[in-house]
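Take a look at the structure below.
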Amino acid sequence: MICQQIIRRFEEIEYPIKHMSKTAKLEIDGKSYSLPIIEGTEGECAVDIANLRNESGYITLDDGYGNTGSCQSGITFIDGEKGILRYRGVPIEELAETSTFIETAYLIIYGKLPTHAELRQFSGLLTENENLHEDMKYHFAGFPATAHPMAILSSMINASSCFYPGLMAGRNPARFDIQAARLISQVRTIAAFAHRKSRGLPIIYPKPTYKYTANFLHMMFSDVYQDYELKPEVVKALDLIFLLHADHEQNCSTATVRMVASSQANLFACAAAGVCALWGPLHGGANQAVIEMLQQIHDAGDNGSRFIAAAKDKNSGRRLMGFGHRVYKNYDPRAKIIKRACDQLLNSLHINDPLLDIAKHLEEAALRDPYFLERKLYPNVDFYSGIIMRAIGLPLEMFTVIFAIGRMPGWIANYKETMADPKGRISRPRQIYTGQTLNHYVPIDQRG
Ligand code: CMC
């Protein structure tokens with residue numbers, strides 16, 4: 001019954017493309033090309049180069065895609081200069097203040113805030129799908145205790161597609177709601193099981209009466225004979241972290257999900273690819289790297305000054321982790337919210353973490369330093385989130401997993417948008433070849 005009602009709600013919201021009357025002119029070898037200009041709903045403009053190669057033989061080159069719009073999307077809006085982030089138009093500050101991760105997940109995936117009834121149905125579907133297939137437990141048994149939980153997470157999400165073959169069809173709106181609910185719900189179960197496995201602890205099953213984040217903490221920290229004591233401020237802080245990570249437009253992992261989805265791979269395969277892309281220290285792995293950096297600074301008895309000097313030296317191989325962003329050239333709005341939440345949680349739990357003092361000192365020093373000011377490098381979402389996770393008792397290697405759990409609604413919404421695009425094409429960038437020119441095969445006994 002629940003599924004039927006939710007399935008009926010699956011219709012795409014249209015975001016019409018606005019072609020502007022003005023065009024861009026490009027001149028190559030004395031020949032002029034007229035390129036259409038597209039305008040988004042917040043006034044940002046793009047030069048449409050889709051036909052440039054057909055007309056001129058030229059492609060564009062943009063290393064790292066710093067200036068390339070890879071798609072049109074109606075999910076998340078960022079103004080990096082002003083430090084604005086909105087999910088489906090709703091400011092992140094309003095969601096952080098009043099919403100929950102699950103309500104926000106609904107907003108991101110379905111494009112509107114849910115009514116009471118819709119939220120109940122969505123939560124019901126998450127609960128129905130929270131248990132892993134029992135046979136998936138054998139896969140956990142095969143990983144060594146030293147396995148990083150991100151490796152387990154991506155493997156197990158991918159393995160899920162083997163257990164639910166009926167859910168694999170790409171463009172199948174009727175199955176989408178169940179796929180999405182299963183993924184959001186089970187990523188948390190897989191993550192908790194991965195942690196228990198790494199500690200040699202028995203698996204704790206989800207409790208259908210618990211809400212999403214409380215249930216995750218239960219599966220992580222309860223004993224077989226004694227439930228973990230849920231503190232409301234801890235549940236709230238972790239729920240906020242999930243919410244703040246829920247989407248962030250075309251970052252490395254989301255662009256990866258869309259890239260894989262463009263081949264019409266199934267949702268589990270796309271999400272597993274997203275987890276792999278997220279793992280690196282320049283992306284989601286930065287939250288773990290920040291704590292490792294703060295700990296090194298602490299252990300070295302430095303107040304951060306020596307580390308800042310090293311981060312500015314291009315030969316040191318170091319960066320101030322948790323600082324800088326491809327899009328934000330201002331304070332990341334999520335970092336502001338997390339910093340406040342960090343102070344609140346540590347006060348409420350009476351925790352005095354020396355790493356928080358070092359982080360604050362680093363931030364103050366960096367924001368006075370011309371190197372960081374000139375390059376517009378400000379704290380990002382990862383700078384303070386790790387200190388909250390430490391206070392909750394989450395182990396370091398789980399930090400990026402927490403990011404992945406939070407990002408799941410964003411990946412799902414981007415997958416859905418990719419699949420629902422009737423004009424969608426497979427993503428296939430071009431390149432400028434810089435290798436050897438024609439180089440004939442030489443038989444092995446004639447090679448020098
Ligand atoms: N510490 C020191 N210098 C930096 C830093 C930093 N954290 N970030 C950028 N720079 C310098 C960089 O060396 C370059 O200097 P120059 O112009 O003299 O060559 C300039 O600032 C521009 O940097 P970039 O590498 O071209 O910038 P990017 O947009 O390619 O990279 C970034 C963005 C986030 C990867 C980068 O700022 C970085 O490595 N930050 C540290 C890792 C981190 O915190 N990542 C989390 C990102 S937010 C969450 C997420 O999306 O996962």
Side-chain angles (χ1 to χ4, degrees), residues 62-68 70 75-76 78 80-81 83 85 87 92 150 241-258 273-294 296-297 304-339 358-359 362-389 396 399-408 410-411 414:
D62 180 16
D63 207 12
Y65 306 133
N67 197 39
T68 295
S70 59
I75 303 167
T76 288
I78 300 175
E81 273 68 36
L85 168 61
Y87 299 153
I92 192 68
M150 284 297 273
I241 288 191
F242 288 150
L243 182 154
L244 292 175
H245 286 86
D247 194 38
H248 211 238
E249 54 120 298
Q250 301 314 312
N251 52 81
C252 178
S253 56
T254 304
T256 300
V257 168
R258 284 188 92 114
V275 172
C276 294
L278 186 72
W279 193 356
L282 297 190
H283 191 9
N287 56 16
Q288 177 173 340
V290 168
I291 295 297
E292 285 163 350
M293 170 187 80
L294 296 174
Q296 272 174 25
I297 294 172
S305 316
R306 271 183 278 152
F307 194 92
I308 290 212
K312 294 192 293 185
D313 174 4
K314 300 278 186 267
N315 298 319
S316 72
R318 292 185 173 238
R319 281 192 166 196
L320 186 52
M321 300 311 285
F323 252 72
H325 198 276
R326 173 63 62 81
V327 179
Y328 292 118
K329 300 302 164 200
N330 201 325
Y331 217 106
D332 180 337
R334 302 166 300 174
K336 270 190 201 158
I337 298 168
I338 287 192
K339 186 179 178 187
I358 294 176
L362 276 179
E363 181 190 337
E364 278 165 28
L367 295 183
R368 278 195 312 265
D369 191 310
Y371 174 95
F372 292 91
L373 292 173
E374 280 158 19
R375 289 168 180 77
K376 299 190 171 138
L377 302 170
Y378 293 88
N380 60 48
V381 68
D382 294 316
F383 197 63
Y384 288 104
S385 62
I387 297 174
I388 296 190
M389 292 192 258
L396 194 57
F399 287 11
T400 314
V401 172
I402 299 294
F403 192 149
I405 298 174
R407 185 54 54 86
M408 202 50 76
W411 289 339
N414 275 275

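Counting starts at 1 for both ligands and their atoms, in listed order.
Using a 4.0 Å threshold on non-hydrogen atoms, atom 27 (O) of ligand 1 does not count as touching the protein. Within a 4.0 Å radius of atom 22 (C) of ligand 1, the protein contributes no heavy atom.
Counting protein heavy atoms only, atom 3 (N) of ligand 1 is closest to Tyr371 OH, 2.8 Å. When hydrogens are left out, the protein atom nearest atom 51 (O) of ligand 1 is His283 ND1, 3.3 Å; that is the closest non-hydrogen contact. Atom 7 (N) of ligand 1 has Leu320 O, 2.8 Å as its closest protein atom, hydrogens excluded (heavy atom only). For atom 34 (C) of ligand 1, the closest heavy atom belonging to the protein is Gly324 O, 3.6 Å. Protein heavy atom in closest approach to atom 45 (N) of ligand 1: Leu282 O, 3.0 Å. From the protein, the heavy atom lying nearest to atom 40 (N) of ligand 1 is Phe323 O, 2.9 Å. The protein heavy atom nearest to atom 42 (C) of ligand 1 is Met321 CE, 3.5 Å. Nearest to atom 47 (C) of ligand 1 among the protein's heavy atoms is Asn380 ND2, 3.6 Å.
Ring pair His248/Tyr328: centre-to-centre distance below 6.0 Å.
Within a 6.0 Å radius of OH in Tyr371, more than 12 heavy atoms belonging to other residues, nucleotides or ligands are found.
A heavy-atom separation below 4.0 Å is not found between His248 and ligand 1. For the pair Phe383 and ligand 1, no heavy-atom separation below 4.0 Å is found. Heavy-atom distances between Gly64 and ligand 1 stay at or above 4.0 Å for every pair.
The distance from ligand 1 to the heavy atoms of Ala311 drops below 4.0 Å at these ligand atoms: 2 (C). With ligand atoms numbered from 1 in the order given, ligand 1 contributes 13 (O), 15 (O), 16 (P), 18 (O), 19 (O) to contacts under 4.0 Å with heavy atoms of Lys314. For ligand 1, the atoms closer than 4.0 angstrom to any heavy atom of Gly322 are 43 (C), 44 (O). Taking every heavy atom of Phe403 and a limit of under 4.0 angstrom, the matching atoms of ligand 1 come to 52 (O). For ligand 1, the atoms sitting less than 4.0 Å from at least one non-hydrogen atom of Ala286 are 43 (C), 44 (O), 45 (N), 46 (C), numbered in the order shown with element in parentheses.
Considering Asp63, Asp313, Asp382, Asn287 only, the shortest heavy-atom separation from atom 46 (C) of ligand 1 involves Asp382. Across Ile308, Val290, Asn251, Leu377, heavy-atom proximity to atom 9 (C) of ligand 1 is greatest for Leu377. Closest heavy-atom approach to atom 24 (P) of ligand 1 among the candidates Arg319, Arg326, His325: Arg319. Across the listed options Met293, Arg375, Arg407, Glu374, Arg375 owns the non-hydrogen atom lying nearest to atom 18 (O) of ligand 1.
Heavy atoms only, all atoms of each residue included: Ala365 and Ile308 are closest at CB-CD1, 3.7 Å. When all heavy atoms of Tyr87 and Leu243 are compared, the closest pair comes out as OH-O, 2.9 Å. In terms of heavy atoms, Arg319 sits closest to Met293 at O-SD, 4.2 Å.
Ser253 places a side-chain heavy atom less than 4.5 Å from the side chain of Arg407.
Side chain to side chain, Thr76 and Asp247 meet the donor-acceptor criterion of an N or O pair below 3.5 Å. No hydrogens or angles considered: a donor-acceptor pair under 3.5 Å links the side chains of Glu363 and Tyr384. In summary, the side chains of Asp62 and Thr68 do present a donor paired with an acceptor at a separation below 3.5 Å, with no hydrogens or angles considered.
In this structure, CZ on Phe307 lies 7.5 Å from OG on Ser316, to the nearest 0.5 angstrom. With rounding to the nearest 0.5 Å, the separation of SG in Cys276 from NE2 in His283 is 11.5 Å.
Here the side chain of Arg326 pairs a donor or acceptor atom with the backbone of Gly64 at under 3.5 angstrom. Remark: side-chain polar atoms of His325 are not paired, donor with acceptor, to backbone N or O of Asp332 under 3.5 angstrom.
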